[in-house]
Amino acid sequence: MKEPIFFQPVFKEMLWGGSRLRSEYGYPIPSDHTGEAWVISAHPHGDCQAVSGPFRGKTLSWLWSNHPELFGNTGGSEFPLLVKIIDARDNLSIQVHPDDAYAKSHENGSLGKTECWYVLDCDPGATIVVGHNAESKEALRRMIDEKQWSDLIRTRPIKKGDFFQIEPGTVHAIQKGTLILETQQSSDITYRLYDYDRLQNGRPRELHIEKSIDVIRCPHRDFACTEKPLQGDGFSRVNLVTCPFYQVDKWDIETSVSIPHTYPFLIVSVLEGTGTVSKVPVKKGDHFILPYGYGSFLTEGSLSLITSHI
Ligand code: ZN
């Protein structure tokens with residue numbers, strides 16, 4: 001079977017979430033504090049169901065286990081990527097993720113988490129946290145002990161279309177008024193460093209100070225994103241990042257383009273517009289996987305896409 005497999009998002013209600021997943025994408029969110037739509041995920045905390053084709057109703061983890069040929073028989077016990085849309089009405093906690101080696105030994109063999117953010121939209125004046133100002137682990141521990149949060153964390157302004165690669169060990173936080181598409185390793189391991197002393201159901205959320213100090217890279221180094229734009233006839237493509245875990249590209253298409261697909265599988269997210277992919281209708285907010293062997297495909301219509309693959 002060689003057809004796109006569309007998936008139903010899994011929604012996550014969050015202290016900091018909002019209602020833009022409904023107002024922007026028409027998703028049937030459970031409440032007005034919905035923070036995340038896991039749009040392509042086989043993670044046990046949110047396993048997406050296929051909503052099209054012969055595998056309708058089956059989860060992505062089931063497909064990965066039972067039809068490895070769809071994914072080029074790449075091996076590995078779990079589908080390696082997770083794509084989310086995040087609606088931050090309020091600030092997310094200041095956090096950090098472990099790498100594969102630390103997660104494997106401290107988190108029951110879980111994958112670590114490298115993630116990247118494409119800013120879909122944000123309020124004027126919106127900011128984001130990436131990095132910190134401690135020169136050493138000793139300085140980091142002292143600043144945390146003394147709650148010098150504003151001196152410690154690096155906040156920077158953002159605008160629509162910005163892109164950030166967040167390596168393991170990077171202190172980070174998405175902040176209020178921001179809509180982001182996140183592509184990440186399939187992992188749900190987050191160490192919360194600081195949560196603005198907020199209460200959830202009358203209690204502060206759990207912090208993970210020691211694990212955070214273990215994994216935070218000191219001093220911080222900014223990841224140098226070398227976005228490589230490619231201008232074609234009626235389209236532009238930008239390679240946002242290529243790292244050991246994924247490659248992510250942004251496509252802005254005016255009328256039509258042939259997109260190559262020579263990968264074990266290709267994830268496609270429709271950010272804007274309506275059109276077709278190999279004559280199959282697609283629209284803003286759709287997310288689908290093109291299986292192994294699907295080959296190059298033709299899009300039609302004015303579309304803005306993000307594609308990702310391992
Ligand atoms: Zn994160």
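Counting begins at 1 with the first residue of the sequence. Just follow the structure's listing: the first ligand is 1, and inside any ligand the first atom is 1.
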Q: With the side chain counted from C-beta on, respond yes when Trp117 and Ile158 share a heavy-atom pair under 4.5 Å apart, and no when they do not.
A: no
Q) Tell me the salt bridge (charged side-chain N to carboxylate O under 4.0 Å, His left out) pairs involving residues 296-310, sequence neighbours left out? A) Lys279-Glu300
(Q) Could you tell me if His43 and Asp188 have a donor-acceptor pair between their side chains, going purely by distance under 3.5 Å? (A) no
Q: Would you tell me whether His309 and His261 have side-chain atoms, one donor and one acceptor, within less than 3.5 Å of each other?
A: no
Q | Heavy-atom neighbours of Arg154 CZ exceed 12 at 6.0 Å | A | yes
(Q) More than 12 heavy atoms of other residues, nucleotides or ligands under 6.0 Å from NZ of Lys284: yes or no? (A) yes
Q: Have a look around the Zn ion (ligand 1) and list protein N/O/S atoms under 2.8 Å, or say none.
A: His97 NE2, Glu115 OE1, Glu115 OE2, His172 NE2
